[in-house]
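This report refers to the structure that appears directly beneath it.
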Amino acid sequence: SSGINAEYGGFEPEKNSVSLFGPFGGEKITYDYLVVALGLDIRFDKVRGLTETLGKNGVCSNYGPGNADYTWKVLSQIKGGDLLFTFPNAPIKCAGAPQKIMYLADAHLRKTGVRDACSLTYHTALPAI
């Protein structure tokens, strides 16, 4: 797994991609599954396209009623692909939560024998984890 410290530029769920600003300006990252960690004030509406696709299309968040159930449903069905995990640039309720779901996903994928078919990437807005 790897990480990119960059500012979010745009979200295109129909193309399974996220655009970046900053030093990676214009670059797009594609994914098979996306887990979004938004911060202390949960405002899914602030990420263009997220409200419409959260809880479907492999886009997960563990914040909000019922979201963790969908995250588990997606994790239990993964047979391979690119998984992106994010850490926001805003204060969040638990700084370890975005990392924890990635570690839990890694453990589950290993337990089910599909870890080698998956790429896990952690994206943080912070200078370090």
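Only a predicted model underlies this, so the values are computations on that prediction, with no experimental measurement involved. Hydrogens, waters and symmetry mates play no part in the numbers below; they use all other heavy atoms, side chains included.
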Nearest-0.5 Å distance that lies between atom [atom1] in [X] and atom [atom2] in [Y]:
X	Y	atom1	atom2	value
Leu84	Leu120	CG	CG	9.0 Å
Asp32	Asn57	CG	CG	12.5 Å
Phe85	Asp106	CZ	CG	8.5 Å
Trp72	His108	CH2	NE2	4.0 Å

Name all residues meeting the side-chain contact (heavy atoms from CB on, under 4.5 Å) criterion together with Lys15; count only those two or more places apart in sequence or in a different chain, and write none if there are none. Glu12, Ser17

For Lys73, which residues count as a side-chain contact (heavy atoms from CB on, under 4.5 Å) partner, sequence neighbours excluded? Tyr70, Gln77

So, the side chain of [X] versus the backbone of [Y]: is there a donor-acceptor pair under 3.5 Å, distance only?
X	Y	answer
Asn16	Thr30	no
Thr71	Asn67	yes
Arg115	Cys118	yes

Are His123 and Ile29 side-chain neighbours, meaning at least one heavy-atom pair lies under 4.5 Å?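 Side-chain contact under 4.5 Å: yes.
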
My understanding is that only one of Val74, Ile78, Thr121 makes a side-chain contact (heavy atoms from CB on, under 4.5 Å) with Leu83; could you say which?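 Between Leu83 and the candidates, side-chain contact (heavy atoms from CB on, under 4.5 Å) is satisfied uniquely by Ile78.
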
How close do Tyr33 and Gly80 get, heavy atom to heavy atom, and via which atoms? CE1-O, 3.8 Å

Under the rule for salt bridge (charged side-chain N to carboxylate O under 4.0 Å, His left out), what residues qualify as partners of Asp82, not counting sequence neighbours? none

